[in-house]
Novice: 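Structure incoming, see below.
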Amino acid sequence: MVYAIVRAGGRQEKVSVGDFVTLNRVAGGAGSTIELPALLVVDGDKVTSAAADLAKVTVTAEILNDLRGPKIVIQKFKNKTGYKKRQGHRQELTKVKITGIK
């Protein structure tokens, strides 16, 4: 089994060919392809982690669609002062399908 650890959107994801991964918003429209930088590649018993070897590895993914995450409510409150503040946030996300690890 071949899988890779890639850096995507400020996080690290474990991916293999055919996986669907949700990342922070990536530039590009649906159907376009992107390359993700590999940090570690495992091919059966062979583990590749050297920077020189990883420079040759490309992990490609196809953008499926853009979406938004769940609503997060941020509330601030200070007792006895009458201060309260409410704010919401929805993260911009992109769903991708991993198409190749070479």
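Worth knowing before you read on, the calculation uses all heavy atoms, side chains too, and leaves out hydrogens, waters and symmetry mates. These numbers were taken from a predicted model, which means no experiment stands behind them.
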Novice: Mind checking side chain to side chain donor-acceptor pair (under 3.5 Å) for D19 and listing every partner two or more places apart, or none if nothing turns up?
Specialist: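 With sequence neighbours excluded, D19 shows a side chain to side chain donor-acceptor pair (under 3.5 Å) to S16, given in chain and number order.
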Novice: Using the side chain to side chain donor-acceptor pair (under 3.5 Å) criterion, which residues pair with E35? Sequence neighbours excluded.
Specialist: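 So E35 forms no side chain to side chain donor-acceptor pair (under 3.5 Å) with any residue.
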Novice: Each residue besides L67 in its hydrophobic cluster should be listed here, by chain and number; the cluster joins Ile, Leu, Val, Met, Phe, Trp and Tyr at side-chain heavy-atom distances under 4.5 Å.
Specialist: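 When side chains under 4.5 Å apart are linked, the cluster holding L67 also contains L93.
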Novice: Check I74 against G88 and note the closest heavy-atom contact, atom names and distance.
Specialist: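 Looks like CD1-C, 4.5 Å.
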Novice: Got a sec, which residues hit side-chain contact (heavy atoms from CB on, under 4.5 Å) with D66, two or more places apart in sequence or on another chain?
Specialist: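 D66: side-chain contact (heavy atoms from CB on, under 4.5 Å) contacts with R25, T94.
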Novice: Which hydrophobic side chains are connected to M1, either touching it within the sub-4.5 Å cutoff or through other members that do?
Specialist: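 Members other than M1 - counting any ILVMFWY side chain reachable under 4.5 Å - there are none.
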Novice: In the hydrophobic clustering that connects Ile, Leu, Val, Met, Phe, Trp and Tyr at side-chain heavy-atom distances below 4.5 Å, which members other than L64 occupy its cluster, ordered by chain and number?
Specialist: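 L64 clusters with F20.
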Novice: Please list, one pair per line, the donor and acceptor atoms closer than 3.5 Å that link side chains of residues 46-57 to other protein atoms, with sequence neighbours excluded.
Specialist:
none

Novice: Please identify each residue that fulfils side chain to side chain donor-acceptor pair (under 3.5 Å) with R68, with sequence neighbours left out.
Specialist: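 E92.
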Novice: Restricting to side chain to side chain donor-acceptor pair (under 3.5 Å), what partner residues turn up for T60, sequence neighbours left out?
Specialist: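 Counting only residues at least two positions away or on another chain, T60 forms a side chain to side chain donor-acceptor pair (under 3.5 Å) with T99.
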Novice: Suppose we screen for salt bridge (Lys or Arg N to Asp or Glu O under 4.0 Å). Which residues come up paired with E62, at least two apart in sequence or across chains?
Specialist: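 E62: no salt bridge (Lys or Arg N to Asp or Glu O under 4.0 Å) contacts found.
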Novice: What's the spacing between T22 OG1 and E13 CD if we round to 0.5 Å?
Specialist: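 Between atom OG1 of T22 and atom CD of E13 there are 8.5 Å.
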Novice: For I34 versus A27, what's the shortest heavy-atom pair and its separation?
Specialist: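 Result for this residue pair: CG2-O, 4.4 Å.
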Novice: Using a cut-off of 6.0 Å, state whether more than 12 heavy atoms not belonging to R90 lie near its atom CZ.
Specialist: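 Buried by this count: over 12 neighbours within 6.0 Å.
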Novice: With side-chain hydrogen bond (donor to acceptor under 3.5 Å, both in side chains) as the rule and sequence neighbours excluded, what pairs involving residues 71-87 come up?
Specialist: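 Pairs touching residues 71-87 that pass the test: none.
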Novice: Which residue is it: L40, V59, V15? I am looking for the one with a side chain to side chain contact (heavy atoms under 4.5 Å, CB included) to I5.
Specialist: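 Answer to the side chain to side chain contact (heavy atoms under 4.5 Å, CB included) test with I5 among L40, V59, V15: L40.
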Novice: What pairs with V17 under side-chain contact (heavy atoms from CB on, under 4.5 Å), at least two apart in sequence or on another chain?
Specialist: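 Partners of V17 under the side-chain contact (heavy atoms from CB on, under 4.5 Å) test: I101.
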Novice: Any heavy-atom pair between the side chains of N65 and I63 that's under 4.5 Å?
Specialist: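 SC-SC contact between I63 and N65 ruled out.
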